[in-house]
Amino acid sequence: MKTIKAQELTLEAFSRYGTFADMIHPDGDITGVPGSIIEFYRDRLAVTAPGEVTGMSVTKVKKRPFVIAKAEYHDNCCEACMPLNGDVYIHVAPATPHGVVPYDRFEVFRVPMGTMVVLRPGVWHHAPFAIDQDSVSNLCVLPERTYARDCAVVVFPEEEQMEIV
């Protein structure tokens, strides 16, 4: 089985797949007075899908072997996810033409709890991996029913599966 090394999430390393922001310890533009009782950090991230209703879902992942055995993508929308109660690994690869799985281009990133990641349309990904917790709940933001209308899933042949190290 191939191995793939997990890396820390940085804007430079992740920029080809999308963007992210720490939603627990925000910085940047504040509407109002910094240090006041209410601080509003506006427009930290954007998840776009023109004309769609946004769905807020939870993907609960239990601790499992760090083996990447499948991936999916969405042609018509971004996807945002944020681990709520623990750090996770996510695997991503650049968008490709239909039917072409970029097995040799996957990367793995450690996403800290409370960090929202926004993936561009077409970026390969799948459910995250709980790292240190028995179970991690992840907020998932997608246009309503994307899982039924715009989700291409590929199960990897055994020789293309990857173990996260």
Side-chain angles (χ1 to χ4, degrees), residues 4-64 66 68 70-95 105-153 164-165:
I4 186 168
K5 185 170 174 39
Q7 57 188 302
E8 295 302 316
L9 190 63
T10 66
L11 288 173
E12 181 179 351
F14 195 72
S15 65
R16 68 191 301 184
Y17 308 111
T19 190
F20 66 90
D22 183 339
M23 305 304 266
I24 295 176
H25 307 99
D27 60 6
D29 294 331
I30 296 176
T31 299
V33 179
S36 65
I37 291 174
I38 298 172
E39 295 179 338
F40 178 62
Y41 293 84
R42 60 180 166 32
D43 304 327
R44 299 282 294 145
L45 296 169
V47 180
T48 59
E52 295 283 350
V53 173
T54 301
M56 305 284 176
S57 304
V58 172
T59 303
K60 188 172 183 179
V61 293
K62 295 182 180 175
K63 186 104 177 187
R64 65 191 195 275
F66 295 147
I68 300 168
K70 65 172 75 171
E72 67 181 39
Y73 63 88
H74 314 292
D75 276 328
N76 301 304
C77 65
C78 296
E79 177 173 335
C81 60
M82 181 174 67
L84 300 172
N85 61 318
D87 294 359
V88 296
Y89 288 139
I90 62 167
H91 57 289
V92 291
R105 298 180 69 195
F106 275 89
E107 295 187 80
V108 174
F109 292 92
R110 183 183 186 112
V111 179
M113 175 179 69
T115 300
M116 181 167 281
V117 171
V118 179
L119 303 174
R120 290 189 181 119
V123 168
W124 289 87
H125 64 285
H126 202 260
F129 292 84
I131 298 173
D132 299 320
Q133 306 293 326
D134 289 335
S135 174
V136 176
S137 293
N138 297 273
L139 174 65
C140 183
V141 181
L142 282 165
E144 191 173 42
R145 294 193 43 78
T146 294
Y147 55 87
R149 296 182 286 122
D150 180 18
C151 187
V153 180
I164 303 168
V165 295

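In K63, the NZ atom is crowded: over 12 heavy atoms of neighbouring residues, nucleotides or ligands sit closer than 6.0 Å. By the 6.0 Å contact criterion, CD1 on I38 is open, its count of non-hydrogen atoms from other residues, nucleotides or ligands being 12 or less.
Between F129 and F66, the ring-plane angle classifies as perpendicular under the 30° and 60° cut-offs.
D22 places no side-chain N or O within donor-acceptor distance of the main-chain N or O of T115, the cut-off being under 3.5 Å. With hydrogens and angles disregarded, no donor-acceptor distance shorter than 3.5 Å links the side chain of R105 to the backbone of A95. Listed for the R120 side chain is a donor-acceptor partner under 3.5 Å among the backbone atoms of R16.
Residues R149 and D75 are not paired through a salt bridge, judged by the lack of any N-O separation under 4.0 Å between the basic side chain and the carboxylate.
Of all heavy-atom pairs between T59 and A127, the closest is CG2-CB, 4.4 Å. Taking both residues in full, the closest heavy atoms of C78 and V47 are given as CB-CG1, 4.0 Å, listed atom of the first, atom of the second, then distance. In this structure, P26 and M23 approach most closely via the heavy-atom pair CD-O, 4.0 Å. The two atoms that bring F106 and A71 nearest to each other are CZ-CB, 3.8 Å, heavy atoms only. Between E52 and P143, the closest heavy-atom pair is CB-CB, 3.7 Å. Across all non-hydrogen atoms, the minimal contact from V118 to A46 is CG1-O, 3.7 Å.
A distance of 8.0 Å separates OG1 of T31 from CG of D43, quoted to the nearest 0.5 Å. The distance from atom OG1 of T19 to atom OH of Y17, rounded to the nearest 0.5 Å, is 14.0 Å. With values rounded to the nearest 0.5 angstrom, K70 atom NZ is found 4.5 Å from H126 atom NE2. To the nearest 0.5 Å, atom CZ of residue F20 and atom OG1 of residue T10 are 6.5 Å apart. To the nearest 0.5 Å, atoms CD1 (I68) and NE2 (H125) are separated by 13.0 Å. Note: R42 CZ to I30 CD1 = 9.5 Å, rounded to the nearest 0.5 Å.
Using a 4.5 Å heavy-atom threshold, the side chains of R44 and M116 count as separate. Under the 4.5 Å side-chain criterion, counting only non-hydrogen atoms from C-beta, D150 is in contact with C77. Between N138 and V136 the shortest side-chain heavy-atom distance falls below 4.5 Å. Contact annotation: the side chain of H25 never approaches that of D27 to less than 4.5 Å [non-hydrogen atoms, C-beta and beyond].
Applying the side-chain hydrogen bond (donor to acceptor under 3.5 Å, both in side chains) test to S36 and every residue at least two apart in sequence or in another chain returns nothing. Remark: L84 pairs with M82, S137, L139 by the side-chain contact (heavy atoms from CB on, under 4.5 Å) rule, at least two apart or across chains. Residues that satisfy the side-chain hydrogen bond (donor to acceptor under 3.5 Å, both in side chains) test with N85, not counting sequence neighbours, are absent from this structure.
Each of V111, V117, D132 was compared with V88 under the side-chain contact (heavy atoms from CB on, under 4.5 Å) criterion, and only V111 meets it.
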Let me see the working for F14 and V92 under side-chain contact (heavy atoms from CB on, under 4.5 Å), right down to the final yes or no.
CA-CA 9 Å; F14 195 72; V92 291; 4.3 Å; yes
Worked verdict on H91 versus E107 for side-chain hydrogen bond (donor to acceptor under 3.5 Å, both in side chains)
CA-CA 6 Å; H91 57 289; E107 295 187 80; over 6 Å; no
